[in-house]
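Reading through the structure tokens given below for one structure.
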Amino acid sequence: MNFAIKSSVIKNSFYIIIAAAFVAAMFSPLASQNPDGLDWTIEKHSPAGPENSSAGDAEKSKTEEGGEPGYFIFGDYKTPFIKNESVSTVFSGFAGIVLILIFFKFYPLAARKNASSSRPGAGDNLCR
Amino acid sequence: MHIPDGLLSNNINIASAAVSGGLFYYFNGRLAKTIDDAGLNIAGALTAFVFAAQMINFPVGFGASGHFLGASLLMIALGAPLGFISMSVILVIQSLFFADGGITALGSNIFNMGVMGGLVPFFIFSGLNGAVGAFKTRAGFSILAAACAWISVFSASLSCGLQLGFSGVAGVKTILSTIVFIHCFIACAEAAIVFVLLNFLTAVRPGLFEKYYKSFEDKPAETAAANR
């Protein structure tokens, strides 16, 4: 299957999708506070109730006091130095978007290096 | 559906990590041969969008909520190798920086959401997309993608339930029925989101998906299939 995409299409789409990502992050404080499908399932089957479920404990140990403070920079999608909860969540979303874009900025360099050092089937790829 | 640390047995985590790691290595190698900067730009943007969209939990009734998974969308838009890498990157970043999904359970999370939630529906999608004429129109393409998005969440919850069951969280049957039941509703939302997004994307940027239906519109089915 050919997955090449025209570069003019890419240029326009790139900014539209990035904008959509930032808009989505801005809506994140509106997210439902109900447990997600997995947590809901575990709470249902935890004999000691939701408060003592193993999933709850695992979450707490990571994000709340007495766990591993500061180990996860944006633990529970909160930014440590921002007190306003909504702003804190939105900012953590922005940070995640930037982290992903940074990865994809540097990924080609790493992948090419990998390709040039071990490319046994280079014959099928002469045009690149 | 991000499994935290300490929930799954070590054996399951290790086995899943081996499968996920092996697939990551394989797809990374395949991608390195055909790497293309423009394709990576769009991959970065879509990955960032899926990450942000995953932050928005929506209520699905029964006191539970769900969020967009996006694995099927990434695979359909980017192809299996780049789609799998993108989904893995989201899960790694969520696990390392956001405490969403455990680090020891990362392999299991990538297996559930990348392999079961991404590759499985993608292969169903590509098989049907190439074989059935009705899916070669824009509407057919979006409907098929939405159906695969539903399958994506369903199969991810199925494997998640099996992992939890075999780790002794509860009986396999009990946990499977609960987790698959609630994810059937979440899957409907996923299908609706993918349908709307793909309808929008194919309308404003049809070139992004020309690999699927430019060939369908320009050539008869047999030629399109032979070119794959």
Side-chain angles (χ1 to χ4, degrees), chain A residues 1-7 9-10 12-14 16-18 20-22 24-25 27-28 30-32 34-38 40-42 44-45 54-55 57-59 62-63 72-77 89 92-93 95-97 99-101 103-105 107-108 111-112 114-115 119 121 125 128, chain B residues 1-7 28-29 31-49 51-53 55-59 62-67 78-79 89-90 93 97-100 102 126 157 160 169-170 174-175 178-179 182-183 186 204-205 207-208 211 228:
Chain A
M1 233 181 275
N2 177 22
F3 284 106
I5 303 167
K6 281 179 194 159
S7 59
V9 172
I10 299 294
N12 296 327
S13 310
F14 177 77
I16 291 177
I17 300 169
I18 290 289
F22 279 100
F27 279 98
S28 59
L30 299 177
S32 163
N34 289 347
D36 77 359
L38 173 66
W40 182 82
T41 305
I42 294 162
K44 276 209 163 251
H45 295 297
S54 47
D57 286 351
E59 292 286 331
K62 283 181 288 182
T63 56
F72 294 91
I73 304 171
F74 301 106
D76 208 20
Y77 293 89
T89 303
S92 77
I97 292 171
L99 279 171
I100 287 170
L101 293 178
F103 171 85
F104 278 94
K105 187 81 192 156
Y107 179 69
R112 279 213 189 83
N114 180 28
R119 188 188 277 181
N125 198 23
R128 288 178 197 274
Chain B
M1 206 187 295
H2 297 67
I3 302 172
D5 283 322
L7 206 55
N28 189 50
L31 212 54
K33 290 181 187 168
T34 56
I35 200 107
D36 142 37
D37 285 340
L40 276 171
N41 273 343
I42 211 75
L46 264 179
T47 308
F49 172 77
F51 166 83
M55 290 174 72
I56 307 174
N57 277 52
F58 44 82
F62 310 99
S65 73
H67 63 73
L78 306 172
V89 167
I90 293 178
I93 285 180
F97 295 94
F98 295 86
D100 193 9
S126 359
S157 71
C160 183
V169 173
T174 329
I175 206 137
T178 319
I179 198 166
I182 197 69
H183 280 92
I186 300 172
V204 296
R205 296 285 173 260
L208 270 181
K211 55 184 175 279
R228 269 158 201 279

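Labels below follow one simple rule: chain letters A, B, ... track the order of the sequence lines, proteins then strands, and each chain is numbered from 1.
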Task: Working for ring-ring contact (aromatic ring centres under 6.0 Å, His included), residues A/Phe74 and B/Phe97 - done: CA-CA 6 Å; A/Phe74 301 106; B/Phe97 295 94; 7.1 Å; no
Open item on the list: Please classify the contact of A/Leu101 with chain B as side chain, backbone, both or neither, using a heavy-atom distance under 4.5 Å.
Closed with: side chain
- [ ] Check whether any side-chain heavy atom of A/Leu38 lies under 4.5 Å from a side-chain heavy atom of B/Pro4, and answer yes or no.
- [x] yes
- [ ] Give the member of B/Ala64, B/Cys160, B/Gly66, B/Ala170 that has the highest number of heavy-atom pairs under 4.5 Å with chain A.
- [x] B/Ala64
- [ ] Supply the atom-to-atom distance B/Thr178 OG1 to A/His45 NE2, rounded to the nearest 0.5 angstrom.
- [x] 2.5 Å
TODO: Pick whichever of B/Ala43, B/Ser157, B/Pro59, B/Gly63 has the most heavy-atom pairs under 4.5 Å with chain A.
DONE: B/Gly63
TODO: Could you look at A/Tyr77 and say if it's the side chain, the backbone, both or neither that has a heavy atom under 4.5 Å from chain B?
DONE: both
Task: Interchain contact, B/Leu40 with chain A, by part (heavy-atom threshold 4.5 Å) - done: both
Open item on the list: Just verifying a value: how many Å separate B/Phe62 CZ and B/Ile182 CD1, rounded to the nearest 0.5 Å?
Closed with: 6.0 Å
TODO: Heavy atoms only, distances under 4.5 angstrom: which of A/Ala25, A/Ala95, A/Ser28 has the most pairs with chain B? Name it, please.
DONE: A/Ser28
Task: Distance in Å, B/His67 NE2 paired with B/Asp100 CG, rounded so as to fall on 0.5 Å steps - done: 6.5 Å
Open item on the list: Need one label for B/Ile186: side chain, backbone, both or neither, based on atoms under 4.5 Å from any heavy atom in chain A.
Closed with: side chain
TODO: Taking A/Trp40 for its side chain and A/Asn34 for its backbone only, find out whether a donor-acceptor pair lies under 3.5 Å.
DONE: no
